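Given the structure is predicted, the values throughout are model-derived calculations rather than measurements. Heavy-atom basis, side chains included; hydrogens, waters and symmetry copies ignored. As the structure lists them, so they are numbered: ligands from 1, and atoms in each ligand from 1. Counting from 1, the numbers follow the sequence of the chain as shown.
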Amino acid sequence: MKFAAIIDCDPGHDDVMAILLGARTLDFHGITTVHGNASLEHTTRNARQTVEFANLTSLPIAKGMPRPLLREVHYAPEVHGESGLDGPVLPPPTVSLRDQHAVDFIIEQSHTIPDLYLVPTGPLTNIAAALLRDPSLPSRIKGISLMGGSLTFGNSTPASEFNIWCDPEAAHLVFTSGIPIKMVGLNVTRQVPATAERVAQIRKIGRTTTTHVADMLDFYSVRLIKEYGVGGGMHDPLAVAALVDPEILRFEPMHVVVELKGEHTYGMTLCDGRHLRPDNLAIPGPTGIHEGAPPNAEVAIAVNADRFWELFLDILATYP
Ligand code: RIB
Ligand code: CA
């Protein structure tokens with residue numbers, strides 16, 4: 001069964017992977033764009049170029065929030081380039097945007113699509129703004145599968161992951177909304193790097209789309225391999241995979257709080273796993289009861305990388 005979903009994203013190389021995976025595996029109702037990896041203008045342009053090269057132009061694209069709720073805006077040109085999608089040479093976009101703000105689009109779709117999922121793969125500003133604009137929204141959203149946060153280390157800071165760190169106040173509103181959340185954090189997504197071998201497999205498919213994807217991942221990964229020795233994580237498509245194949249990610253219920261005051265931990269997703277006895281969370285073990293706050297999210301604690309790549313490569317081969 002395909003879940004009805006909107007992907008809210010900041011393309012971004014791995015956001016494009018999420019769109020391509022979602023278009024074949026979700027009942028995909030639209031894309032909303034947000035600031036993040038690059039400016040809203042760039043992320044929106046990149047989303048338009050993606051639906052054009054992948055022949056997905058029936059997907060509505062609605063432009064969203066240009067900056068965080070409170071803090072200053074931050075981009076990630078060091079990872080995604082100035083354009084937010086450096087690497088491939090793509091024709092200028094011609095597909096038009098939906099004449100509706102992303103926040104209004106999300107709210108409107110929540111009234112017409114039963115069991116709607118939101119799949120945010122960028123900062124959570126659009127989702128938070130929708131919650132502020134319509135406090136009844138949680139009653140019409142089946143769930144949120146988000147790429148963000150981490151059970152262990154951050155990337156933007158030692159404690160916080162980029163999507164959360166860009167707008168911690170927005171993330172706080174989402175994690176306290178009461179909507180069922182699957183949190184796919186860096187602790188699992190970093191275990192699925194775009195290695196040179198995987199990029200070669202994609203390039204070998206030899207289609208326009210897969211050539212663009214390989215060029216994207218070459219830019220996204222080759223630079224990271226030079227600096228860190230490991231390719232870019234397939235962060236965002238894993239938030240889609242969480243709704244597609246339950247064997248790819250293993251989740252545990254935990255209470256997650258977003259740190260808003262910490263000098264060193266601003267934007268951290270503090271996950272309370274005290275009821276999980278084994279130190280290595282990837283190995284199932286006894287589950288105790290702890291007196292902490294009740295779980296408000298399912299946190300991904302293990303990933304089957306090979307199973308993800310098998311799914312993703314099969315899906316990529318269906319594109320022109
Ligand atoms: O920390 C990884 C996340 O930040 C991914 O969503 C990537 O696209 C960037 O937005
Ligand atoms: Ca992203």
Can you confirm whether [X] sits close enough to [Y] that some side-chain heavy atom of one is under 4.5 Å from a side-chain heavy atom of the other?
X    : Y    : result
F105 : I6   : yes
I248 : V303 : yes
M17  : H235 : no
D8   : L118 : no

Protein contact to [atom] [nearest heavy atom, distance to 0.1 Å]:
atom                   : result
atom 9 (C) of ligand 1 : N37 OD1, 3.1 Å
atom 1 (O) of ligand 1 : E161 OE2, 2.6 Å
atom 8 (O) of ligand 1 : D14 OD1, 2.6 Å

Worksheet item: Is the shortest side-chain N to carboxylate O distance from D167 to R67 below 4.0 Å?
Response: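 Salt bridge: no.
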Worksheet item: With the threshold set at 4.0 Å, does a side-chain nitrogen-carboxylate oxygen contact exist between R24 and D314?
Response: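 No, no charged N to carboxylate O under 4.0 Å.
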Worksheet item: Got a sec: does the CG of D99 have more than 12 other heavy atoms crowding it under 6.0 Å?
Response: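 At most 12 heavy atoms, drawn from other residues, nucleotides or ligands, come within 6.0 Å of this atom.
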Using a 4.0 Å cutoff against the non-hydrogen atoms of [X], which atoms of ligand 1 qualify?
X    : answer
N155 : 1 (O), 2 (C)
D10  : 10 (O)
H235 : 2 (C)
T121 : 6 (O), 10 (O)
M147 : 2 (C), 3 (C), 5 (C), 6 (O)

Practice prompt. Would you please test E41 and S39 for side-chain hydrogen bond (donor to acceptor under 3.5 Å, both in side chains) and show each step?
Written response: CA-CA 5 Å; E41 294 312 313; S39 69; over 6 Å; no
Worksheet item: Around the Ca ion (ligand 2), how many protein N, O or S atoms are there at under 3.0 Å?
Response: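 Atoms of protein N, O or S type lying less than 3.0 Å from the Ca ion (ligand 2) total 5.
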Does [X] approach ligand 1 within less than 4.0 angstrom via side chain, backbone, both or neither, non-hydrogen atoms only?
X    : result
V79  : neither
D236 : side chain
D15  : side chain

Please report the closest heavy-atom contact between [X] and [Y], naming both atoms and the distance.
X    : Y    : value
A102 : N126 : CB-ND2, 4.0 Å
H35  : L40  : N-CD1, 4.1 Å
V188 : I301 : CG1-C, 3.7 Å

Fill in: Polar proximity ligand 1 side, N163 side, N/O cut 3.5 Å exclusive
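Right, the criterion is met.
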Worksheet item: Would K182 count as a cation-pi partner of F251, with NZ or CZ less than 6.0 Å from the six-membered ring centre and within 45° of the ring normal?
Response: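 Cation-pi check for K182 and F251: passes.
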